[in-house]
**Student:** 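Have a look at the structure that comes next, please.
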Amino acid sequence: MLTEKTIRPHPYSRRHIGKTEKLPSYRVDLRSYSDKEYNKFVALNTVNDWSQLSWKDIGKPFEVKAESKDKTAWENEHKKTMDPHTSWTYFNKAFHEWFVKDIPKEAQEAKKDFYKSLRSFNPKEVRQALGGIVQLQLWNYVHRIQDGIWDPRGKRALFEGLDLQKPKILFLGAAEGYEAMQLGAMYPGAEITMVDYDEYCRSTRFAEFPESYPFLGDNPRTGQSKVYYKDDFTIDYAVDDIRNLNYGRKFDIVLSVGLLEHFPDEYKHEVADWHRRFLKPGGYAILTTPRNQVRSRVYYRIMADIMNHTYRELMTVEQMGLYMYENGFDILRHGYIKVHNGLVCQPR
């Protein structure tokens, strides 16, 4: 295995397939899964007939009420509700700062700050220092140990088996673009278009995505697995509002990750339409949202200062699927992975 000291632009190859390791900021996972292990990573198709499902049966999503202190401070200063663009800018910067943390190093520093605060006998300093330790430990567990945010095995299980050759992929609200690159590894020769209306996502979150991160995919020449990297993919990144896009129906996949849950019910039909209007006939819409589970509620409470700058819901996969079904999509595959729900669907 390789360590951070020996990282090169392309440090992993076929000989590393089947291995995993923790680096200071994230986990590398080149493990696949067998049929026997499949349900550890994705539980699929819990609804047999979407036409028979009703909101009375499943209830509405859980709205996350806890807000970032930065958002509250901004609104107090400006005497108005933070606008969506500013909200996303704040969120993206806060989120990226956590993605690039050297977690073991920061954890040691946080412990030193905590012991120092104890000597001060200042309750406020103690609470802040203790809160920092809790956040670091939670982030370390969710992202670096469990790999729940990127979740490569779960995402590959969700994305597999689509009838596609060299697809054109549109990623709406792309951020750092992780999932589109994973799709690009699984369906080689893909042309990827990423869209986000926050320039920070293109200039920093995507630009600083590690060149050494390996994606496990397929080699069409050999039929075996292959390791891909960011610079293996054909990617165009546009900074624009989704509502302004005029691509037409030219994409085989329209993808979103954590988009639908940021819109109240009166706007969800518009979000569904964004996934429809750019698809070729026979194309696939793929969506994920954070799961409504106790662990997720705790996570968004503790990590509110990093995560909660915008309207946010936690859903079950049944709620997510019913939104898309009622807005004209047939659900081909649905399920949940570590911390996300997932759908693969097509317009009716």
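In this text, all values refer to a predicted model and were calculated from it rather than measured experimentally. Along the sequence shown, the residues carry numbers beginning at 1.
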**Student:** Which pair of heavy atoms, one from Asp198 and one from Thr89, lies closest together, and at what distance?
**Tutor:** OD2-CA, 3.2 Å
**Student:** Taking atom types as modelled, find out whether Glu313 and Tyr311 have a side-chain donor-acceptor pair closer than 3.5 angstrom.
**Tutor:** yes
**Student:** Does a sphere of radius 6.0 Å around NZ in Lys60 hold more than 12 heavy atoms from other residues, nucleotides or ligands, not counting ones at 6.0 Å or beyond?
**Tutor:** yes
**Student:** Compute whether any side-chain donor of one residue and acceptor of the other, for Arg205 and Asn92, lie under 3.5 angstrom apart.
**Tutor:** yes
**Student:** Is it the case that one hydrophobic cluster holds both Tyr200 and Met82, taking links as side-chain heavy atoms less than 4.5 Å apart, direct or via other members?
**Tutor:** no
**Student:** Please report the closest heavy-atom contact between Pro214 and Val227, naming both atoms and the distance.
**Tutor:** CB-CG1, 3.6 Å
**Student:** Starting from the C-alpha separation in whole Å, work towards a yes-or-no answer on side-chain hydrogen bond (donor to acceptor under 3.5 Å, both in side chains) for Trp55 and Glu326.
**Tutor:** CA-CA 11 Å; Trp55 291 110; Glu326 288 186 339; 3.1 Å; yes
**Student:** Is the shortest side-chain heavy-atom distance between Tyr197 and Pro84 below 4.5 Å?
**Tutor:** yes
**Student:** Any chance you could measure Phe171, atom CZ, to Ser256, atom OG, to the nearest 0.5 Å?
**Tutor:** 7.5 Å
**Student:** Looking only at the side chains, is there a donor atom on one of Gln182 and Tyr187 sitting less than 3.5 Å from an acceptor on the other?
**Tutor:** no
**Student:** Among Lys250, Lys166, Lys168, which one satisfies salt bridge (charged side-chain N to carboxylate O under 4.0 Å, His left out) with Glu191?
**Tutor:** Lys168
**Student:** Do you know which two heavy atoms are closest between Ile58 and Gln319, and how far apart they sit?
**Tutor:** O-NE2, 3.3 Å
**Student:** For Lys93, does the NZ atom sit with more than 12 other heavy atoms under 6.0 Å from it, leaving out its own atoms?
**Tutor:** no
**Student:** Count the heavy atoms belonging to other residues, nucleotides or ligands that lie under 6.0 Å from CZ of Arg301, then report whether that count exceeds 12.
**Tutor:** no
**Student:** Could you check whether Thr81 and Glu75, counting side-chain N and O atoms only, form a donor-acceptor pair closer than 3.5 Å?
**Tutor:** no
**Student:** Rounded to the nearest 0.5 Å, how far does CG of Leu162 lie from CG of Asp252?
**Tutor:** 10.0 Å
**Student:** Donor-acceptor pair, distance only, cut-off 3.5 Å: does the side chain of His16 make one with the backbone of Tyr12?
**Tutor:** no
**Student:** Flag yes if Val257 and Phe91 sit in one hydrophobic cluster, no otherwise; membership is Ile, Leu, Val, Met, Phe, Trp, Tyr, and two members link when side-chain heavy atoms are under 4.5 Å apart.
**Tutor:** yes
**Student:** Any idea how His143 and Trp150 line up, ring-wise: parallel (<30°), tilted (30 to 60°), or perpendicular (>60°)?
**Tutor:** perpendicular
**Student:** Which pair of non-hydrogen atoms, one from Ala180 and one from Ile192, has the smallest distance, and what is that distance?
**Tutor:** O-CD1, 3.4 Å
**Student:** Is the side chain of Lys19 donor-acceptor paired with the backbone N or O of Arg31 at a distance under 3.5 Å, no angle test?
**Tutor:** no
**Student:** Do Phe206 and Ile169 land in one hydrophobic cluster if side-chain heavy atoms of ILVMFWY residues count as linked below 4.5 Å?
**Tutor:** yes
**Student:** Without hydrogens or angle criteria, can the side chains of Ser25 and Arg144 be said to hold a donor-acceptor pair below 3.5 Å?
**Tutor:** no
**Student:** With side chain to side chain contact (heavy atoms under 4.5 Å, CB included) as the test, would you mind laying out the steps for Asp240 and Leu245 before giving the verdict?
**Tutor:** CA-CA 7 Å; Asp240 206 344; Leu245 301 178; 4.1 Å; yes
**Student:** Without hydrogens or angle criteria, can the side chains of Ser68 and Asn308 be said to hold a donor-acceptor pair below 3.5 Å?
**Tutor:** no
**Student:** I'd like to know if Val100 and Met181 are part of one continuous hydrophobic network [Ile/Leu/Val/Met/Phe/Trp/Tyr, side-chain heavy atoms within less than 4.5 Å].
**Tutor:** no
**Student:** Will you find, in the side chains of Asp147 and Tyr26, an N or O donor that is under 3.5 Å from an N or O acceptor?
**Tutor:** no
**Student:** How long is the straight-line distance from CG of Leu138 back to CD1 of Ile302, given to the nearest 0.5 Å?
**Tutor:** 5.0 Å
**Student:** Kindly state each residue pair satisfying ring-ring contact (aromatic ring centres under 6.0 Å, His included) with at least one member in residues 241-269, sequence neighbours excluded.
**Tutor:** Trp88-His262, Tyr247-Phe251, Phe263-Trp274
**Student:** Given side-chain hydrogen bond (donor to acceptor under 3.5 Å, both in side chains), test Glu261 with Tyr323 step by step and report yes or no.
**Tutor:** CA-CA 11 Å; Glu261 79 276 11; Tyr323 279 123; over 6 Å; no
**Student:** If you draw the axis of the six-membered ring of Trp98, does the NZ or CZ of Lys101 fall within 45° of it and under 6.0 Å from the ring centre?
**Tutor:** yes
**Student:** As a quick check of understanding, evaluate side chain to side chain contact (heavy atoms under 4.5 Å, CB included) for Leu23 and Val28, giving each step before the final call.
**Tutor:** CA-CA 7 Å; Leu23 297 183; Val28 164; 4.1 Å; yes
**Student:** Considering only NZ, NE, NH1 and NH2 on the basic side and carboxylate oxygens on the acidic side, decide whether Asp330 and Arg348 come within less than 4.0 Å.
**Tutor:** yes
**Student:** Please name the pair of heavy atoms, one in Leu343 and one in Ile331, separated by the smallest distance, quoted to 0.1 Å.
**Tutor:** CD2-CG2, 4.0 Å
**Student:** Around atom CG of Asp57, are there more than 12 heavy atoms of other residues, nucleotides or ligands at under 6.0 Å?
**Tutor:** yes
**Student:** Tell me whether Asp29 is salt-bridged to Arg153, with the criterion being a basic N under 4.0 Å from an acidic carboxylate O.
**Tutor:** yes
**Student:** Measure the acute angle between the ring planes of Phe215 and Tyr213, then classify it against the limits of 30° and 60° as parallel, tilted or perpendicular.
**Tutor:** perpendicular
**Student:** If two hydrophobic side chains count as joined below 4.5 Å and joins carry through other members, does Tyr336 share a cluster with Leu260?
**Tutor:** no
**Student:** If you compare all heavy atoms of Met194 against all heavy atoms of Ala174, which two are closest, and at what distance to 0.1 Å?
**Tutor:** CB-CB, 3.5 Å
**Student:** Please say whether the positively charged group of Arg249, taken as NZ for Lys or CZ for Arg, lies over the ring of Phe278, i.e. under 6.0 angstrom from the six-membered ring centre and within 45 degrees of the axis.
**Tutor:** no
**Student:** Taking the six-membered ring for Trp and the full ring for Phe, Tyr or His, determine whether the centres of His275 and Phe329 are under 6.0 Å apart.
**Tutor:** no
**Student:** Is it the case that more than 12 heavy atoms not belonging to Gln165 sit under 6.0 Å from its CD atom?
**Tutor:** no
**Student:** Which one of Arg312, Met315, Arg297 satisfies the side chain to side chain contact (heavy atoms under 4.5 Å, CB included) criterion with Pro290?
**Tutor:** Arg312
**Student:** With rounding to the nearest 0.5 angstrom, report the NZ to CG distance, Lys226 to Asp218.
**Tutor:** 10.5 Å
**Student:** Val47 vs Glu318, test: side chain to side chain contact (heavy atoms under 4.5 Å, CB included). Steps then yes/no.
**Tutor:** CA-CA 7 Å; Val47 177; Glu318 292 82 9; 3.7 Å; yes
**Student:** Between His85 and Asp241, do the side chains contain a donor N or O and an acceptor N or O under 3.5 Å apart?
**Tutor:** no
**Student:** Report the C-alpha separation of Asp305 and Lys71 in whole Å, then their side-chain angles, then the decisive distance to 0.1 Å, and conclude whether the salt bridge (charged side-chain N to carboxylate O under 4.0 Å, His left out) test is met.
**Tutor:** CA-CA 8 Å; Asp305 286 342; Lys71 180 178 185 291; over 6 Å; no
**Student:** Give a yes or no on whether a salt bridge exists between Glu63 and Lys65, defined as a side-chain N under 4.0 angstrom from a carboxylate O.
**Tutor:** yes
**Student:** Hey, could you give me the NE2/OG distance between His340 and Ser296, rounded to the nearest 0.5 Å?
**Tutor:** 8.5 Å
**Student:** Determine whether Leu183 and Ile253 satisfy the following criterion, side chain to side chain contact (heavy atoms under 4.5 Å, CB included), listing intermediate values before the conclusion.
**Tutor:** CA-CA 10 Å; Leu183 278 165; Ile253 296 174; 4.1 Å; yes
**Student:** Would you check if Leu314 and Val64 make a side-chain contact, meaning some heavy-atom pair closer than 4.5 Å?
**Tutor:** yes
**Student:** Take His334 and Asn341 through the test side-chain hydrogen bond (donor to acceptor under 3.5 Å, both in side chains) and record every step on the way to the result.
**Tutor:** CA-CA 8 Å; His334 64 283; Asn341 307 302; over 6 Å; no
**Student:** Is Lys155 positioned over the aromatic face of Tyr178, cation under 6.0 angstrom from the ring centre and no more than 45 degrees off axis?
**Tutor:** no
